[in-house]
S.K.: 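Have a look at this one.
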Amino acid sequence: MVFSNIILAWYGTNKRALPWRNTLDPYRIWLSEIMLQQTRVAQGTPYYHKFISAFPKVEDLANADEEVVLKLWQGLGYYSRARNLHATAKIVVEKYGGNFPNTYKELLTLKGVGDYTASAIASICFNEAVPVVDGNVYRVLSRYYGMDLPINSPEGIKEFKKLAIKVMAPKNIRDYNQGIMEFGALQCTPQKPDCQTCPLNISCIAYNNDSISSLPVKLKKTKVKHRYFNYLVVVDANNQTLVQQRTGNGIWRQLYEFPLLESDQEVALPEVSKSAPELLGVQEDAEVYLYNDKNIVHKLSHQHLHTKFWIVSTTTILENGVPLSTLPEYPVPVLIADFINTFKI
DNA sequence: AAGCCGGGGTT
DNA sequence: AACCCAGGCTT
């Protein structure tokens, strides 16, 4: 039996009933694919429902305020996906009359749509014979065909794409693409794959070489950078505080946070008491105290944020202050959302 | 070609 | 603590 036929057969009996599997609507498929980039199905699914409910059609998403989109995206991470999602919705409405492009090549021009996502939409919605090569596919192909090229090297990317084209099922690419990904997610898992019940084990090179655990090969590891965040949570006599929007190219662009004092190392109370009032534009006699006794270490994939929240209580009435009660309306990073949820004066 | 961009689940 | 997740963009 051929590889692709086994994948198709396996998919037929093992596929999950996922919310985006009952439609071929490009809007819904696109939305699900963007949300699932580097994101597990279980984590993305609630967001898919929220978005479909808030924005049933691409026009609804295009017409929404960016801040509303970011707020709905809050907690899902990689927030550039939300900004690109919104931009692409506008393009689809304005340039394509509300209809998504129907070819891999044209889909590739959309913001936030790369090789994988263009292939996924083209194959699932339009049955175009282009293979998806995501993390699941790298794993399945590297093991079954014994490919030990690093999956994140330029040669590896090229060779795995060639192999993926060679072994795909062009006549039923829609099910094959979803099938090989589902197979990677459920059967050929990163750790402890279920090789005993695997329909491909007899001809799987890695299984027969006992090299399952060493495939796929991936280069380098991300070095974690340590940063020290001091958030200044000012509270004035009217229960107002200050928030600001992050700019630049770093983390959490366009999300909101409290005024931030970043330092190379830990900062102590006297230093904060001295600099906070002027930085916030409040009176010198403001009362400053540390809210969290121990550092909150917020872990991103490439940064550890050692965070202290400082409460700055002042009699000054903030001119640009916002009521504390409105904080839940702002799109914020999880680090800030967690604080807001527990903060009681 | 390499680095950056989140948050959460598994082991 | 390390690894990975239905990757893409920037430099």
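Labels below follow one simple rule: chain letters A, B, ... track the order of the sequence lines, proteins then strands, and each chain is numbered from 1.
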S.K.: Mind calculating the distance between CD1 (A:Ile157) and C1' (B:dA1) to the nearest angstrom?
M.R.: 10 Å
S.K.: Could you check whether A:Val113 gets within reach of a base, just the sugar-phosphate, or nothing at all, counting any heavy atom under 4.0 Å?
M.R.: sugar-phosphate
S.K.: Do A:Tyr144 and A:Ser203 have side-chain atoms, one donor and one acceptor, less than 3.5 Å apart?
M.R.: yes
S.K.: If you look at every strand shown and take non-hydrogen atoms under 4.0 Å, does A:Trp73 touch a base, only sugar-phosphate, or nothing?
M.R.: nothing
S.K.: Walk me through whether A:Phe258 and A:Phe339 qualify under ring pair (Phe, Tyr, Trp, His ring centres under 6.0 Å).
M.R.: CA-CA 11 Å; A:Phe258 301 105; A:Phe339 170 81; 5.6 Å; yes
S.K.: Would you measure the distance from the P atom in B:dG6 across to the matching atom in C:dT11 and give it in whole Å?
M.R.: 15 Å
S.K.: Could you check how far CG of A:Leu36 sits from P of C:dC4, rounded to whole Å?
M.R.: 19 Å
S.K.: If the sugar-phosphate is the primed atoms plus P, OP1 and OP2 and the base is the rest, what is the B/S/- string for nucleotides 4-11 of chain B, using protein heavy atoms under 4.0 Å?
M.R.: -BBBBB--
S.K.: Write down the distance between CG (A:Leu219) and P (B:dA2), rounded to a whole number of angstrom.
M.R.: 8 Å
S.K.: Do the ring planes of A:Phe100 and A:Tyr27 sit parallel (below 30°), tilted (30 to 60°) or perpendicular (above 60°)?
M.R.: tilted
S.K.: Could you tell me how far C:dA6 sits from B:dC4 if I compare only their P atoms? Round to whole Å.
M.R.: 24 Å
S.K.: Quick one: label A:Val132 by what it contacts on the DNA or RNA (base, sugar-phosphate, nothing), any heavy atom closer than 4.0 Å.
M.R.: nothing
S.K.: Roughly, in whole Å, what's the span from OH in A:Tyr138 to P in C:dC5?
M.R.: 11 Å
S.K.: Quickly, which of A:Lys158, A:Lys105, A:Lys161 forms a salt bridge (Lys or Arg N to Asp or Glu O under 4.0 Å) with A:Asp115? Name it, please.
M.R.: A:Lys161
S.K.: For the pair A:Glu257 (side chain) and A:Pro333 (backbone), establish whether a donor and an acceptor sit closer than 3.5 Å, ignoring hydrogens and angles.
M.R.: no
S.K.: Would you say CG of A:Asp264 has more than 12 non-hydrogen atoms from neighbouring residues, nucleotides or ligands within 6.0 angstrom?
M.R.: no
S.K.: Classify A:Leu305 by what it touches in the nucleic acid, base, sugar-phosphate, or nothing, heavy-atom distance under 4.0 Å.
M.R.: nothing
S.K.: NA contact type, A:Arg21, heavy-atom cut-off 4.0 Å: base, sugar-phosphate, or nothing?
M.R.: base
S.K.: Say you draw a straight line from CG of A:Leu255 to CD of A:Gln244; how long is it, rounded to the nearest 0.5 Å?
M.R.: 12.5 Å
S.K.: Measure the distance from CH2 on A:Trp30 to C1' on C:dG7 and round it to the nearest whole Å.
M.R.: 16 Å
S.K.: Whole Å only: how far is the CG atom of A:Asp115 from the C1' atom of C:dA6?
M.R.: 13 Å
S.K.: How many whole angstroms separate atom CZ of A:Arg83 from atom C1' of C:dT10?
M.R.: 12 Å
S.K.: Using a 4.0 Å heavy-atom cut-off, does A:Ser32 contact any base of the nucleic acid, only the sugar-phosphate backbone, or nothing at all?
M.R.: nothing
S.K.: Just how far, in rounded Å, is C1' of C:dA2 from NZ of A:Lys218?
M.R.: 12 Å
S.K.: How far, in whole Å, is B:dG8 from C:dC9 if one measures between their C1' atoms?
M.R.: 23 Å
